[in-house]
There are 2 protein chains.
Amino acid sequence: MAAHFSTKDRILGAAEELFAQYGFAGTSLRQVTSRADVNIAAVNYHFGSKENLVNEVFRRRMDEMSERRLALLREAVARQPGELEPILAAFVEPALALAQDRHGGGAFIRVIARAYAEKNDGLRKFLSDRYGHVLREFAKAIAVCVPGLSKEELYWRLDFLAGALTYAMADFGLIKRPAGVSEAAHRQRAAQELIRFAAAGFKS
Amino acid sequence: MAAHFSTKDRILGAAEELFAQYGFAGTSLRQVTSRADVNIAAVNYHFGSKENLVNEVFRRRMDEMSERRLALLREAVARQPGELEPILAAFVEPALALAQDRHGGGAFIRVIARAYAEKNDGLRKFLSDRYGHVLREFAKAIAVCVPGLSKEELYWRLDFLAGALTYAMADFGLIKRPAGVSEAAHRQRAAQELIRFAAAGFKS
DNA sequence: GTCTATACAGTGATAGAC
DNA sequence: GTCTATCACTGTATAGAC
């Protein structure tokens with residue numbers, strides 16, 4: 001099994017690389033199938049549409065990241081109960097790490113941005129159905145640390161954190177990684193700054 | 001003059017409406033030119049490409065918003081010197097108002113999201129060249145309110161604010177506008193919550 | 001300059017043979 | 001499951017009319 005890749009897997013692999021490098025619009029299905037050494041019609045047979053292929057590439061990564069977030073969250077709550085910062089770190093770091101992953105990190109952040117860019121309610125519903133429980137877990141854990149906060153305020157602030165994090169993942173802001181600093185170090189810095197910023201926000 | 005619209009203006013108007021409603025990918029140039037009652041080739045004659053047309057639609061709105069931000073900033077600094085919250089309000093409110101504008105607000109937020117989604121360095125450079133001075137003005141004003149902050153920390157936090165704001169503009173998070181609340185009221189609430197969150201973050 | 005008719009290469013998708 | 005052939009449609013380019 002391990003040495004052999006099915007047509008479907010080859011398509012997914014090629015799509016992940018090409019999407020990350022050239023974006024969705026910039027990648028044609030013919031490029032994907034050519035790299036995967038597969039016939040053009042195989043994409044629609046296995047995935048139904050280009051959009052579905054995009055979502056599938058995305059889902060694989062998102063599942064991993066959600067698992068990692070929850071694992072770190074459990075660890076944080078067990079080791080440092082009542083402390084907010086480790087919880088925020090559990091939320092932030094897997095996302096930043098994924099965004100920097102060379103194989104597909106670019107594609108990942110692009111799917112999120114695309115969900116903004118199109119008013120794609122289907123994708124939004126998919127996200128909230130499949131990963132809503134992760135956010136609820138974090139909300140519960142944060143509520144313990146900041147007991148004065150109303151549920152509404154808590155969710156507003158989680159949204160703000162998610163937004164700031166998404167921006168940071170896309171490397172979109174004013175802050176550019178200086179030439180002398182490694183990607184990993186820059187990411188570490190971003191995480192640290194964001195956690196501090198958000199912690200103050202949650203506690204206000 | 002006022003009663004007559006040139007071919008170029010008609011294209012811009014039609015594009016703004018269609019982009020806001022169906023997104024970019026979802027709008028073909030033939031739809032645009034058909035609504036504007038103009039020949040398909042006119043788009044490339046006046047704008048060079050679809051991408052350029054998108055950017056032009058965007059620039060008109062962004063210019064207005066930047067003016068409004070700077071006006072409110074001057075007002076805030078003059079009336080309540082040394083106070084952080086009014087400065088943040090001057091940054092946040094014009095953006096949220098624009099995002100909710102029925103005529104083209106949706107298109108506006110989509111352009112930003114698209115700049116994320118594609119690694120569109122051209123658009124990024126355009127943004128920083130044309131609107132970088134606005135951010136620098138805000139940075140200067142905030143630095144007066146939070147004198148302990150290093151320049152680097154200040155810019156990190158401005159990025160986080162911009163990210164959270166973008167998310168809120170796209171109406172993307174967990175928080176949905178409840179049925180009984182008007183759009184204007186919901187926006188007011190979002191602004192108020194974000195300002196409070198960010199103010200605490202900047203002061204930390 | 002402004003605009004039009006037309007053509008072009010490339011796209012995602014699909015029907016039907018094997 | 002996989003292929004070929006074909007479809008309607010896309011953004012773009014150009015030659016030429018006014």
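Lettering follows sequence order; numbering is per chain, from 1.
The phosphate of D:dT2 (OP1 or OP2) has no side-chain N or O of A:Tyr45 nearer than 4.0 angstrom. In this model, the phosphate group of D:dT2 is approached by a side-chain N or O of A:Thr7 to a distance below 4.0 Å at OP1 or OP2. Proximity of A:His46 to the phosphate of D:dT2: a side-chain N or O atom is located under 4.0 Å from OP1 or OP2.
Salt-bridge annotation for B:Asp101 and B:Arg61: present, with a side-chain N of the basic residue lying under 4.0 Å from a carboxylate O of the acidic one. By the 4.0 Å N-to-carboxylate-O rule, B:Arg69 lies too far from B:Glu137 to be salt-bridged with it. Salt bridge B:Glu93/B:Arg68: absent, no basic N to carboxylate O contact under 4.0 Å.
The 12-atom threshold is exceeded at CZ of A:Arg10, counting heavy atoms of other residues, nucleotides or ligands nearer than 6.0 Å.
In this structure, B:Arg110 forms no cation-pi arrangement with B:Phe19, as its terminal cationic atom is not both closer than 6.0 Å to the ring centre and no more than 45° off the ring axis.
Note: CG (B:Leu18) to P (D:dT10) measures 12 Å, nearest angstrom. The distance between atom CG of B:Leu53 and atom C1' of D:dT10, rounded to the nearest whole Å, is 15 Å. Nucleotide C:dT14 holds its P atom 15 Å from the NZ atom of A:Lys50, rounded to whole Å.
Annotation: proximity of residues 20-38 of chain A to DNA chain D (heavy atom, distance under 4.0 Å) is found for no residue.
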Item to complete: Quick one: do B:Phe58 and B:Phe108 satisfy ring-ring contact (aromatic ring centres under 6.0 Å, His included)? Show the steps, please.
Response: CA-CA 6 Å; B:Phe58 174 71; B:Phe108 182 85; 5.1 Å; yes
Collect all protein-nucleotide pairs involving nucleotides 13-18 of chain D in which both atoms are nitrogen or oxygen and the distance is under 3.5 Å.
none

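Applying the side-chain contact (heavy atoms from CB on, under 4.5 Å) rule to A:Gln192 yields the partners A:Arg189; only residues at least two apart in sequence or on another chain are considered.
Between the side chains of A:Tyr131 and A:Asp63, a donor-acceptor pair is found at a separation under 3.5 Å.
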